[in-house]
Each structure stands twice: as C-alpha cells, then as structure tokens.
Peer 1: 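A single structure is presented below for examination.
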Amino acid sequence: MPREIDRIPSELRDGLIVRMCVAISVGLFDGAINYIWNAVIITLKQKIRNFGLGLISQTLNKPFDNNSLDDLRDSHLLDIAII
C-alpha cells in the first residue's frame, strides 16, 4: 500500500485518501468509493475557484459566487466542469 500511496501527488494526499485506504484495507469498498468521490468533488470545486467564479458566472449567464458553488449538487458541478 505505501508504494501506491507514494504514486499519488503529495498535494492530493489528504485525510480522505487515508480514509479510503483504510476502508479498502478492511474490505469496505463502498465506503472507499464515497471517500474518493468526496475528494474528487472537493478538488473540482477548488479548480473552479482557481479558474474564476466570475468566468463561470458569465458562462452560465447568472450570478455565481462562492456560496453558490458550495450549494451546488454534484451533478451540476460536473456539468459546470465540462463547460
């Protein structure tokens, strides 16, 4: 397991990745999927913040701020990420 964890960039190794690894090691694969999904959603939200909420607002043609991003459902977040 340490070899696989070392392949993950250090900036992406956080508590959710550790929890995922522990869940896998005890056979809780559905829990591991939830942890990795949450890590992906958090990373996508950060990428959108870095890209610029103003640009997202212009693309969607409606007001969009940090609170709007936090309130988004995962499916809408994925739609925005594809744009």
Side-chain angles (χ1 to χ4, degrees):
M1 181 82 69
R3 182 184 61 187
E4 283 75 21
I5 292 174
D6 285 341
R7 295 177 66 187
I8 299 171
S10 61
E11 64 272 5
L12 297 178
R13 281 184 253 154
D14 62 1
L16 290 173
I17 298 297
V18 171
R19 289 179 187 163
M20 179 203 64
C21 293
V22 170
I24 289 171
S25 70
V26 296
L28 298 173
F29 302 113
D30 55 337
I33 290 171
N34 285 334
Y35 288 129
I36 200 67
W37 179 260
N38 290 338
V40 167
I41 294 300
I42 290 168
T43 302
L44 273 177
K45 286 182 179 181
Q46 189 57 48
K47 287 184 180 276
I48 288 173
R49 283 185 186 99
N50 292 343
F51 183 69
L53 295 173
L55 294 174
I56 299 299
S57 178
Q58 289 176 352
T59 303
L60 297 176
N61 293 323
K62 65 179 186 178
F64 194 81
D65 60 5
N66 204 21
N67 291 331
S68 302
L69 182 60
D70 290 336
D71 293 338
L72 273 181
R73 300 180 104 194
D74 292 352
S75 61
H76 294 145
L77 178 69
L78 293 173
D79 289 340
I80 289 172
I82 292 172
I83 295 176

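Residue indices begin at 1 and follow the sequence shown. These numbers were taken from a predicted model, which means no experiment stands behind them.
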Peer 1: Can you give me every donor-acceptor pair (side chain of residues 74-81, partner residue at least two apart or in another chain, under 3.5 Å) with its distance?
Peer 2:
{"unit_1": "Asp74", "atom_1": "OD2", "unit_2": "Trp37", "atom_2": "NE1", "d": "2.8"}

Peer 1: Listed by chain and number, what are the side-chain contact (heavy atoms from CB on, under 4.5 Å) partners of Asn38, not counting sequence neighbours?
Peer 2: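 For Asn38 the side-chain contact (heavy atoms from CB on, under 4.5 Å) partners, ignoring immediate neighbours, are Leu16.
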Peer 1: Applying side chain to side chain donor-acceptor pair (under 3.5 Å), name anything that partners Gln58, two or more places apart in sequence or on another chain.
Peer 2: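 Partners of Gln58 by the side chain to side chain donor-acceptor pair (under 3.5 Å) criterion come out as none, since no residue qualifies.
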Peer 1: Spell out, as yes or no, whether a donor-acceptor pair under 3.5 Å connects the side chain of Ser57 to the backbone of Leu53.
Peer 2: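 Side chain of Ser57 to backbone of Leu53: no pair is present.
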Peer 1: What's in the same ILVMFWY side-chain cluster as Ile33, cut-off under 4.5 Å, chained through other members?
Peer 2: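 Hydrophobic cluster check, Ile33: no partners found.
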Peer 1: Does Pro9 have any side-chain contact (heavy atoms from CB on, under 4.5 Å) partners at least two apart in sequence or in another chain, and if so, which?
Peer 2: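 So Pro9 forms a side-chain contact (heavy atoms from CB on, under 4.5 Å) with Glu11, Leu12.
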Peer 1: What residues form a side-chain contact (heavy atoms from CB on, under 4.5 Å) with Phe51, not counting sequence neighbours?
Peer 2: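 Leu55, Ile56.
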Peer 1: Give every residue pair that meets the salt bridge (charged side-chain N to carboxylate O under 4.0 Å, His left out) criterion with at least one member in residues 30-47, sequence neighbours excluded.
Peer 2: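 Listed once each, the pairs would be none.
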Peer 1: Hey, what do you get for CG (Leu28) to OH (Tyr35), rounding to the nearest 0.5 Å?
Peer 2: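 The CG atom of Leu28 sits 8.5 Å away from the OH atom of Tyr35.
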Peer 1: Do Leu44 and Phe64 share a hydrophobic cluster, counting only Ile, Leu, Val, Met, Phe, Trp and Tyr and linking them when any side-chain heavy atoms are less than 4.5 Å apart?
Peer 2: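 Cluster IDs for Leu44 and Phe64 match.
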Peer 1: Holding to side-chain contact (heavy atoms from CB on, under 4.5 Å), I want the full list of residues that pass it with Asp65, two or more places apart in sequence or in another chain.
Peer 2: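 In terms of side-chain contact (heavy atoms from CB on, under 4.5 Å), with neighbours along the sequence ignored, Asp65 is linked to Asn67, Ser68.
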Peer 1: Taking salt bridge (Lys or Arg N to Asp or Glu O under 4.0 Å) as the definition, give me every residue that meets it alongside Arg49, ordered by chain and number, with sequence neighbours left out.
Peer 2: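 Only Asp70 meet the salt bridge (Lys or Arg N to Asp or Glu O under 4.0 Å) criterion with Arg49.
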Peer 1: Between Ala23 and Gly31, which heavy-atom pair has the shortest distance, and what is it?
Peer 2: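 That would be CB-C, 4.4 Å.
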Peer 1: Quick one: CZ on Arg19 to CG on Asp14, what's the gap to the nearest 0.5 Å?
Peer 2: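 Atom-to-atom, Arg19:CZ and Asp14:CG are 9.0 Å apart.
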